[in-house]
Novice: 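Take this structure, written in structure tokens, and hold onto it; I'll ask about it next.
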Amino acid sequence: MSGDLVLLGRLARLHRATLSLLGFKSTTRRIGEIELTAEEAQKLGQIAAGSSRQYTFPSRIERMFQNYVRESSRAARISLVLMTAVVYLTIPLWVSVLGIPKQSQELMTIASLGLIVPLFAAVTFVQVRYLASDFAEWLLIAALVFEAVFVEIVRQQAEQLGYSVEPSISVLVPVAVIAMARLRVSLNFLFIAIYFLILASEPFWWGKGSEIDGVVAWTINLMLLALLLLGAFLQKIPLQNPRQVRLRNIFNVALIALYFWVLIYEAMRWPDEVRTRGPTGWLLEVLLLTIVMMAAIWSKLSSRRQWAANVLLQLMAYRDSLTGLPNRRAFEDHYERVTRALARSEKKQLVLAVLDLDHFKKLNDDYGHDYGDGALAEIALTLAQFARRSLDMSARLGGEEFALLLYDCDAENARARLAELVQAIAEMKIENRNADRGVLTCSIGAAVVGPNESFGTAYRTADEMLYQVKNAGRNNFALAG
């Protein structure tokens, strides 16, 4: 037993700066209001260190990350929709300067003020009010798709009136989406695919191509679009096998490359009179979007690593590095939240217990600090089993002092559980030859806490009970209230 504790202590000290002792297999870890399992913490550590080929978080953590992205993108998304609304609101001021034919000016002004501006004003409201919802994201995508269609309609109408508009002006829409909206990578690819589908289908809007060619083009493009959606779905499935991750990535890259090749091939086959882009125009747009998309992907990967590292830093700020238990800061924060919740519920009591290991200084002096650290880690594992409910918490306050919070627990139940805890630690039989009983034992002072009672007050009461137990011979508990 002694050798095992020394080894455990050395391992605990070795892993102080790592994440391996952030949790244990069956216990949920708390960081403020965030809860992480040990497996989730391990995955975050791999992504933060760049040692994982898969940058998708576990599903629950992925939702947390997407909420973070949406919140941090609030200003950029609102700026994008407001800028779009302002551009179309001021159309009457700048269309005449460009020499656009009067008929096109009227169409642009009526459509802009009657459709685009109200639409983007509504999108702005939704982004401000319902940013965290999927609806806000999809509405933003739909509005920008509508804008891309509108730009192409206006451009074609101007062409018919003899006013030449640079075709590649339309590419500003997907570039703005990728650069400012900060959508998921799969949604960016989906938007680009829809954008090119609009361009590929455009000649058939105006009756310049054959109907059969139009049906064939739409069928092929929609099938590839469906495959892109499938690829986006597969990307969200967490995979542990590196070979499976590599194959999935190859599949997605090949699918995207195939889609763009088909679109360019279709465009090159059209006669000159139905082309919406020349060869260099297509090449320009594909290269531009590829560059912008690659920059967005690397930025997203960097953002994921940085976010994972920040979460782990927060985790470590609330975690005792030796035992993996919450530290005093986390315990006090949790106590404040629980006592506030207690005041709003019908459950009017909880129990705060302070646990101190008996003669722990003798143990460190006689057996060494490695042995002592191992003993602390063992005690932490046992103590955590007494805080299994969601609002219970066990923590290390410092040194050999631990704390236990029992939610919705009256004095009678508390006495039974504390007596069980004292017995469980003694029965661990951690050798401490110069202690009274030859093994490591504990003393516990506890207090029944009412609603809104401050931590300082409850702790002082529990500490007084602890000293009573120490003075009475240790290896026991005392409860006030």
Side-chain angles (χ1 to χ4, degrees), residues 66 69-98 100-160 163 165-184 186-202 205-206 222 225 229 276 285 289 292 296:
Q66 293 303 333
V69 169
R70 287 173 179 173
E71 187 60 39
S72 62
S73 303
R74 179 191 296 270
R77 293 184 182 184
I78 292 174
S79 297
L80 173 61
V81 292
L82 277 178
M83 180 177 66
T84 304
V86 169
V87 167
Y88 286 97
L89 185 64
T90 57
I91 269 184
L93 302 178
W94 53 264
V95 288
S96 57
V97 177
L98 297 177
I100 296 175
K102 187 175 181 181
Q103 189 174 346
S104 288
Q105 290 184 30
E106 293 174 353
L107 172 64
M108 292 174 65
T109 301
I110 294 171
S112 298
L113 301 182
L115 291 175
I116 301 292
V117 173
L119 173 61
F120 278 88
V123 173
T124 302
F125 171 79
V126 171
Q127 295 300 311
V128 172
R129 190 72 182 273
Y130 306 105
L131 179 72
S133 68
D134 289 336
F135 170 72
E137 203 163 64
W138 285 106
L139 181 62
L140 175 64
I141 293 171
L144 291 165
V145 167
F146 182 81
E147 181 194 7
V149 173
F150 175 75
V151 169
E152 283 300 304
I153 291 175
V154 170
R155 192 183 68 79
Q156 284 292 335
Q157 201 260 357
E159 291 276 0
Q160 291 173 3
Y163 184 85
V165 179
E166 174 57 46
S168 293
I169 193 172
S170 303
V171 81
L172 290 175
V173 178
V175 167
V177 170
I178 298 169
M180 296 188 66
R182 296 188 64 192
L183 299 171
R184 284 168 286 173
S186 57
L187 291 182
N188 280 332
F189 275 122
L190 181 61
F191 188 90
I192 293 174
I194 294 173
Y195 168 75
F196 277 113
L197 180 59
I198 292 169
L199 300 185
S201 308
E202 189 177 339
W205 300 356
W206 315 109
L222 287 176
L225 199 58
L229 286 170
T276 59
E285 294 205 15
L289 289 175
V292 175

Novice: For residues 111-123, which residue pairs pass the side chain to side chain donor-acceptor pair (under 3.5 Å) check, not counting sequence neighbours?
Specialist: none
Novice: Can you list everything that forms a side-chain contact (heavy atoms from CB on, under 4.5 Å) with A85? Sequence neighbours excluded, please.
Specialist: F120
Novice: Measure from the side-chain N and O atoms of Q127 to the backbone N and O of R74, and report whether any donor-acceptor pair falls under 3.5 Å.
Specialist: no
Novice: Look only at the side chain of S73 and the backbone of A76, and say whether a donor-acceptor pair between them is shorter than 3.5 Å.
Specialist: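 Here the side-chain-to-backbone pair does not exist.
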Novice: Taking the side chain as C-beta and beyond, is there a heavy-atom pair between L113 and I91 under 4.5 Å?
Specialist: no
Novice: Using a 4.5 Å cut-off on heavy atoms from C-beta on, say whether the side chain of I178 contacts that of I192.
Specialist: yes
Novice: Would you say that L144 contacts L80 through its side chain, given a criterion of any heavy-atom pair below 4.5 Å between the two side chains?
Specialist: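 Sidechains of L80 and L144: in contact.
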Novice: Excluding sequence neighbours, so at least two apart, what forms side chain to side chain donor-acceptor pair (under 3.5 Å) with S79?
Specialist: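 Side chain to side chain donor-acceptor pair (under 3.5 Å) check on S79 returns nothing, list empty.
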Novice: Test of understanding: with ring pair (Phe, Tyr, Trp, His ring centres under 6.0 Å), list the residues that count as partners of F150, not counting sequence neighbours.
Specialist: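 Result, ring pair (Phe, Tyr, Trp, His ring centres under 6.0 Å) vs F150: Y88.
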Novice: What salt bridge (charged side-chain N to carboxylate O under 4.0 Å, His left out) pairs are there with at least one residue in residues 188-198, not counting sequence neighbours?
Specialist: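 Not a single pair qualifies under salt bridge (charged side-chain N to carboxylate O under 4.0 Å, His left out).
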Novice: By the salt bridge (charged side-chain N to carboxylate O under 4.0 Å, His left out) test, which pairs, at least two apart or in different chains, include something from residues 131-141?
Specialist: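 Sorted result for residues 131-141: R70-D134, R70-E137, R77-E137, E137-R184.
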Novice: Quick check: do F191 and L183 have side-chain heavy atoms less than 4.5 Å from each other?
Specialist: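 F191 vs L183: side chains apart.
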